[in-house]
Amino acid sequence: MGKEFFCRDPVLVAVDLLGKLLVSETTGARVSGMVVETEAYLGVNDRASHGYGWKRRKGSWPLFEDCGLTYVYPVHGKPLLNVTTAPPKEPTAVLIRALEPVEGVEIMAKLRRIEIRGERDLRKLCSGPARLAQALGIGLEHNGLDLSKGPIYFEEYRKPERVLTSRRVGVEYAGAFKDLPLRFLMDSPFVSRKP
DNA sequence: TGTGCGATGTCCT
DNA sequence: GGACATCGCACAT
């Protein structure tokens with residue numbers, strides 16, 4: 001996906017990312033998964049957003065720089081992957097919350113330091129924002145990368161049959177914005193938790 | 001320099 | 001469904 005894809009309303013980007021293939025070549029090999037869960041963060045008025053009130057924090061510069069960049073930041077010591085959206089220089093973003101593994105399952109398991117015994121164990125690879133970042137070899141050092149270049153990028157893959165929505169996860173503090181339906185999911189067993 | 005906590009994950013029952 | 005390990009950062013002191 002080129003830059004123009006990301007330079008749109010974060011809600012549109014969050015919905016349209018469902019079914020896309022997230023590819024990472026950060027470890028040299030190609031590893032990928034289909035996006036099945038996203039969340040939109042709306043910027044200066046959204047108390048859950050890292051750009052709330054135009055406030056900045058360490059490493060949040062991509063939010064204020066341009067659309068179509070990675071924004072990787074740590075929560076509970078673990079990196080989470082966002083993509084920055086429009087308008088450029090306004091702090092809006094989409095959090096990637098879960099993937100269905102597609103390519104490089106062996107590599108993912110190694111990076112996650114877990115063993116895959118059966119089909120069910122595949123869900124442990126990328127079903128959660130910190131899990132997928134780890135499985136794709138994405139860390140804080142990949143903050144601010146241009147998604148239209150690499151080594152992290154999106155490709156066309158599938159069209160979701162239907163899109164489910166729910167409130168966002170873990171933003172109870174966000175006041176009026178905490179209950180908005182800004183989480184988007186495919187009907188997939190690989191979501192981080194049921195809506 | 002200290003303290004509290006989170007856009008989490010894992011293990012246990 | 002619940003406890004807790006965890007660690008970088010924001011904010012207070």
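Labels below follow one simple rule: chain letters A, B, ... track the order of the sequence lines, proteins then strands, and each chain is numbered from 1. Values reported hereafter were calculated over all heavy atoms of this structure, with side chains retained and with hydrogens, waters and symmetry mates removed.
Taking 4.0 Å as the cut-off between side-chain N and carboxylate O, A:D179 and A:R168 do not count as a salt-bridged pair. Comment: A:K89 does not engage A:E65 in a salt bridge, judged by the lack of any side-chain N to carboxylate O separation of less than 4.0 angstrom. A:R162 has a carboxylate O that lies under 4.0 Å from a charged side-chain N of A:D187, or vice versa, which qualifies the two as a salt bridge.
For DNA chain B, each stem of at least three Watson-Crick or G-U pairs (distances under 3.5 Å) is given as range with range: B:1-6 with C:7-12, B:8-12 with C:1-5.
Think of the region where chain A sits on DNA chain B: with heavy atoms and a 4.0 Å cut, that region ends 5' and 3' at B:dG6 to B:dT10. With a heavy-atom cut-off of 4.0 Å to chain A, the contacted part of DNA chain C has its first and last nucleotide at C:dC7 to C:dC11.
Considering only residues two or more places apart in sequence or on other chains, A:R47 meets the side-chain hydrogen bond (donor to acceptor under 3.5 Å, both in side chains) condition with none of them. With sequence neighbours excluded, the residues forming a side-chain hydrogen bond (donor to acceptor under 3.5 Å, both in side chains) with A:E25 are A:Y153, listed by chain and number.
Note on A:L12 and A:L147: separate hydrophobic clusters, where clusters join Ile, Leu, Val, Met, Phe, Trp and Tyr whose side-chain heavy atoms are under 4.5 Å apart, directly or indirectly. Neither A:L132 nor A:Y71 shares a network with the other; the hydrophobic side chains, linked directly or stepwise wherever heavy atoms of I, L, V, M, F, W or Y lie under 4.5 Å apart, form separate groups for each. Cluster annotation: A:V169 and A:L185 are assigned to distinct hydrophobic clusters (Ile/Leu/Val/Met/Phe/Trp/Tyr, side-chain heavy-atom contacts under 4.5 Å, transitive). The hydrophobic cluster containing A:I96 also contains A:L182, counting ILVMFWY residues as joined when their side-chain heavy atoms lie under 4.5 angstrom apart, directly or transitively. Follow the hydrophobic side-chain contacts under 4.5 Å out from A:Y52 and you never reach A:F64; the two are in separate clusters.
Sorted by first and then second residue, the side chain to side chain donor-acceptor pair (under 3.5 Å) pairs involving residues 121-133 of chain A (not counting sequence neighbours) are A:D121-A:K124. Contacts classified as side chain to side chain donor-acceptor pair (under 3.5 Å) and involving residues 94-104 of chain A (residues at least two apart or in different chains) are given here: A:R30-A:E103, A:S32-A:E103, A:E37-A:R97, A:R97-A:S192. The stretch residues 109-119 of chain A participates, sequence neighbours left out, in these side chain to side chain donor-acceptor pair (under 3.5 Å) pairs: A:R112-A:Q134.
Screening A:L63, A:T84, A:D46 against A:P91 for a side-chain contact (heavy atoms from CB on, under 4.5 Å) leaves a single residue, A:L63. Partner of A:F190 under the side-chain contact (heavy atoms from CB on, under 4.5 Å) criterion, chosen from A:L125, A:L122, A:V35: A:L122.
Here the CG-CG distance, from A:L42 to A:D9, works out to 7.5 Å after rounding to the nearest 0.5 Å.
Judged purely by atom type and a 3.5 angstrom limit, A:T165 has no side-chain atom pairing as donor or acceptor with the backbone of A:P181.
Ring-centre distance between A:H50 and A:Y41: not below the 6.0 Å cut-off.
Scanning residues 177-195 of chain A for heavy-atom distances under 4.0 Å to DNA chain B yields an empty list. For the segment residues 55-63 of chain A, residues with any heavy atom less than 4.0 angstrom from an atom of DNA chain C are, sorted by number, A:K55, A:R57, A:K58. Only A:L95, A:R97, listed by number, bring a heavy atom of residues 85-98 of chain A to less than 4.0 angstrom from any atom of DNA chain B. Of the residues in residues 111-141 of chain A, those with a non-hydrogen atom less than 4.0 angstrom from any atom of DNA chain B are A:R112, A:G128, A:P129, A:A130, A:R131.
Taking the ring axis of A:F5 as reference, the NZ or CZ atom of A:R8 stays within 45° of it and closer than 6.0 Å to the ring centre.
With 3.5 Å as the limit, one finds no donor-acceptor pair spanning the side chains of A:E155 and A:Y157.
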